[in-house]
Amino acid sequence: MPVVLDGVLRVEHRPSPDGTRMRVVFVAHPADDTPPKSVPDDETLGARWLTIDEMRSLPLRGDDVIALFAMVERGAPVYPMSLFGPEGLYA
């Protein structure tokens with residue numbers, strides 16, 4: 001579904017001897033009335049709108065997903081997209 005990025009919730013960085021993992025968690029809202037994906041493919045089984053309580057009943061790969069949604073629900077700061085810019089351009 002097309003989305004509009006509202007901002008950045010978290011930037012996570014985890015160095016290890018085998019490499020570094022970096023994850024950027026964005027907050028977004030739907031850009032239009034396109035429904036969530038309902039047909040499984042190679043990337044996901046589908047999508048739907050859920051409450052946090054409904055998410056807790058799903059077999060998620062980790063607790064981090066629910067924790068991130070709970071942060072948004074509690075009013076965690078969402079940082080502006082202007083945090084991202086081309087390297088070396090500081091105007």
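Below, each value reflects all heavy atoms present in this structure, side chains not excepted, and no hydrogens, waters or symmetry copies.
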Task: Note: Arg56-Asp63 ion pair, threshold 4.0 Å (strictly below) - done: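 No, this pair does not count.
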If you draw a 6.0 Å radius around [atom1] in [X], do more than 12 non-hydrogen atoms from other residues or ligands fall strictly inside?
{"X": "Arg23", "atom1": "CZ", "answer": "yes"}
{"X": "Asp32", "atom1": "CG", "answer": "yes"}
{"X": "Tyr79", "atom1": "OH", "answer": "no"}

Distance, nearest 0.5 Å, that separates [atom1] of [X] from [atom2] of [Y]:
{"X": "Phe69", "Y": "Thr51", "atom1": "CZ", "atom2": "OG1", "answer": "11.0 Å"}
{"X": "Lys37", "Y": "Met1", "atom1": "NZ", "atom2": "CE", "answer": "11.0 Å"}
{"X": "Arg48", "Y": "Leu58", "atom1": "CZ", "atom2": "CG", "answer": "5.5 Å"}
{"X": "Glu73", "Y": "Ile52", "atom1": "CD", "atom2": "CD1", "answer": "3.5 Å"}

Same cluster for [X] and [Y] if Ile/Leu/Val/Met/Phe/Trp/Tyr side chains link at under 4.5 Å?
{"X": "Phe26", "Y": "Val4", "answer": "no"}
{"X": "Val8", "Y": "Leu5", "answer": "yes"}
{"X": "Val3", "Y": "Val27", "answer": "no"}
{"X": "Val72", "Y": "Leu68", "answer": "yes"}
{"X": "Phe84", "Y": "Met22", "answer": "yes"}

Task: Donor-acceptor pair, side chain of Asp41 and main chain of Thr44, under 3.5 angstrom - done: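 Yes, because the side chain of Asp41 sits within donor-acceptor range (under 3.5 Å) of the backbone of Thr44.
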Search all heavy atoms of [X] against all heavy atoms of [Y] and return the closest pair with its distance.
{"X": "Met55", "Y": "Leu60", "result": "O-CD1, 3.9 Å"}
{"X": "Pro36", "Y": "Ala47", "result": "CB-O, 3.5 Å"}
{"X": "Ala76", "Y": "Leu9", "result": "CB-CD1, 4.0 Å"}

TODO: For residues Trp49 and Pro30, determine if any side-chain heavy atom of one lies less than 4.5 Å from a side-chain heavy atom of the other.
DONE: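 SC-SC contact between Trp49 and Pro30 confirmed.
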